[in-house]
Amino acid sequence: MDNEAKQDKFTAVNELARRRGFFWQSYEIYGGAGGFVTYGPLGARLKQNIEAKLRELFVTKLGILELESAVIAPGKVFEASGHVDHFKEPMVECSQCHKRFRADHLLEEYAKKSCVETEKMSLDEIQQALEKNGITCPDCGGTFKPPQRFLTMFETTIGPYSGAVGYGRPEAAQGIFVEFNRLYAVAREKLPFGVIQIGHALRNEISPRQGLIRLREFTIADLEFFFDPEEPGCCLLKNVENETLRLYLAEERLKCSEKTIDVTVKEAVAKQLIRSEWQAFFMAMAKKLLTEIGVPPEKQRFIEKTQWEKAHYASQSFDQEVYVDRWGWIEVSGHAYRTDFDLSSHMKASGVDMRVYKEYKTPVEKEELVVKPIMAKLGPAFKKEAAKVAELLQKAPADEVAASLEKQGFYMVESYKILPEHVDITKQKTVVRGTRFIPHVVEPSFGCDRLFYVALEYAYGVKDDRVVMSFPRSIAPMQVGVYPLVSKDGLVEKAREVHRLLANEGFMAEFDETGSIGRRYARADEAGVPLGITIDYDTLSDGTVTIRDRDSWRQVRSSLKDLPALLHKYFQGKINFEDLGTLLPSK
RNA sequence: GCGGUCGUCGUCUAGUUGGUUUAGGACACAAGCCUUCCAAGCUUGCGAUCCCGGGUUCGAAUCCCGGCGACCGCACCA
């Protein structure tokens with residue numbers, strides 16, 4: 001299978017995808033536009049099924065809330081979140097060789113500026129700093145053109161006349177943070193809770209290549225999980241504690257070592273390799289997801305981001321990577337501990353309190369001295385000033401007042417001399433029942449188009465020179481094919497009847513009567529249809545059909561009347577192919 | 001954005017020293033015949049203004065310029 005023109009899987013998968021309608025580049029009739037794709041019938045279905053997996057895993061099974069928010073946001077949202085600053089990178093271009101560089105990186109490297117410093121610099125300041133330090137093109141020594149900012153967010157104006165700037169969201173997360181107060185109320189004001197949003201996001205990439213791996217418009221699934229930083233324990237960790245994770249730690253990467261370690265979730269948490277229990281939990285869930293869409297565990301790993309690589313909001317973060325044929329390890333999900341960065345930022349920018357109230361388990365009783373002015377005495381003593389004096393007294397520190405009265409027999413508040421008989425000093429018990437705080441956030445974030453791509457690549461296989469897309473049955477875009485063995489003697493009519501039956505039972509079923517039976521099986525294998533139902537002469541006489549397995553090409557014989565129930569069980573993963581009927585001898 | 005290579009039916013491609021090319025083939029697809037289980041065979045059909053725009057020329061798929069797109073390298077990827 002590899003003697004001639006050994007094309008890589010990326011090429012093979014893309015070609016198949018175009019031919020069979022999984023996906024292709026958008027706007028082809030106008031020459032195409034980089035970074036945009038169209039999912040065809042099989043692809044749209046497959047993508048929905050993958051997203052359904054995410055929902056099943058998080059929404060159905062864990063009770064994570066789902067949200068759908070707008071793609072366009074007012075400028076303030078992404079100013080507050082830090083994206084406007086962080087998506088706008090200062091770049092300089094060499095006037096001789098036209099190579100482009102990140103101006104801030106040059107300053108950090110050659111002028112020993114810190115990234116905190118460069119962050120704050122204006123374009124003019126950057127230019128001056130470059131000139132002052134005599135920084136020229138590292139490649140050819142040429143001088144730089146004036147620096148410019150490249151904004152990787154899509155910018156627009158909201159409304160026809162206003163200058164109100166709006167941005168296409170580069171992630172779905174902010175749509176969750178800005179709605180936090182309502183979501184928290186809907187979640188019945190209980191922590192921890194999580195919210196997921198699966199939707200389109202936009203990033204105006206400088207040069208999107210790599211097909212589905214880097215797009216300008218893509219589907220992201222951001223899950224924000226809110227919890228109390230004082231109770232960071234994960235109540236679900238037990239369920240996954242023996243799951244192993246392959247970690248590629250930052251310290252190994254800094255040593256330029258390729259060493260990865262396999263640890264159980266339990267160990268990773270115990271050794272503080274993963275500092276948040278919830279983060280560890282979601283990493284285990286992410287591994288489960290990838291495994292379920294067909295990526296073997298040994299082709300997955302979690303790479304810890306170094307200090308430099310981490311997002312502006314993250315405390316510790318890992319990328320889940322999958323090994324692909326052409327590029328090696330590529331990111332499919334990110335796992336960041338965002339602390340309270342986002343909610344704090346929006347609180348500060350909007351002025352809206354997003355803290356949550358926590359009642360103490362046992363109310364804290366405090367005993368403190370209280371100075372109570374006795375108005376009956378203050379009135380005669382200070383006349384018109386009495387009210388003011390009382391007010392001042394209440395603000396004064398009670399301890400000081402008490403000490404002064406005791407020692408010196410009086411207390412001076414401004415120019416007023418307070419005598420012991422003017423006030424009543426008592427010990428008062430106050431009960432503090434709770435406190436307010438900003439929840440912390442752990443965020444797993446999946447690139448759905450990348451999940452889609454790795455699902456395609458790992459499904460791709462060649463058997464007897466035929467392409468077989470071995471999707472896990474739970475995500476296969478087409479579930480069953482129904483075929484008359486030959487197109488005569490009433491077999492076609494019977495097959496149509498079976499097809500209708502299955503379609504009405506809720507299966508994604510296709511009907512195909514053209515070409516030889518072998519050709520139809522081959523076509524179905526290429527579309528990744530797990531089961532083929534073939535109607536033959538025995539079907540007419542005894543009501544049985546053959547069921548063909550896409551991956552092994554084995555066949556079983558089964559009664560038509562049992563078929564719907566059997567297929568339901570099969571697609572729910574409760575039974576295997578052999579359980580569908582009696583095995584026929586393979587030819 | 002820069003540099004290199006490239007762009008012909010749905011897919012893969014022949015042709016590219018400018019001229020019988022109404023751009024050829026294979027696979028796929030469709031209709032029919034045949035066919036009792038893995039891309040069989042036969043017949044017929046559908047399908048490409050040769051990526052787009054401009055230029056040179058009597059004549060351009062072929063040469064030149066610009067654009068778009070793809071791949072590889074650099075840079076970028078929060």
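Just so it is clear: chains get the letters A, B, ... in the order the sequence lines come, proteins before strands, and each one is counted from 1. Values reported hereafter were calculated over all heavy atoms of this structure, with side chains retained and with hydrogens, waters and symmetry mates removed.
- Rounded to whole Å, the distance from CD on A:Gln210 to P on B:G69 is 16 Å.
- One cannot find a donor-acceptor pair under 3.5 Å joining the base of B:C37 and the side-chain atoms of A:Arg548.
- Put simply, the side chain of A:Arg214 and the base of B:C76 share a donor and an acceptor less than 3.5 Å apart.
- As rounded to whole Å, 22 Å separates atom P of B:U11 from atom CG of A:Asp465.
- The CG-C1' distance, from A:Asp325 to B:C71, rounds to 15 Å in whole Å.
- Atom CD in A:Glu15 sits about 11 Å away from atom C1' in B:U13, given to the nearest Å.
- Straight-line distance from the CD1 atom of A:Ile517 to the C1' atom of B:G41: 17 Å, rounded to whole Å.
- Put simply, the side chain of A:Asp536 and the base of B:C37 share a donor and an acceptor less than 3.5 Å apart.
- Below the 3.5 angstrom threshold, one finds a donor paired with an acceptor across the side chain of A:Gln555 and the base of B:C37.
- Only the C1' atoms considered, B:C42 is 28 Å distant from B:A23, to the nearest whole Å.
- One can find a donor-acceptor pair under 3.5 Å joining the base of B:C37 and the side-chain atoms of A:Tyr521.
- Of the two residues contacting RNA chain B, namely A:Glu526 and A:Glu28, the nearest-nucleotide position lying further toward the 5' end is that of A:Glu28.
- Under the Watson-Crick or G-U wobble criterion, with both distances below 3.5 Å, B:C74 is paired with B:G1.
- Atom-to-atom, CG of A:Leu531 to C1' of B:C38 comes out at 16 Å; the value is rounded to the nearest Å.
- Among the atoms of the strands shown, none is found under 4.0 Å from any heavy atom of A:Arg550.
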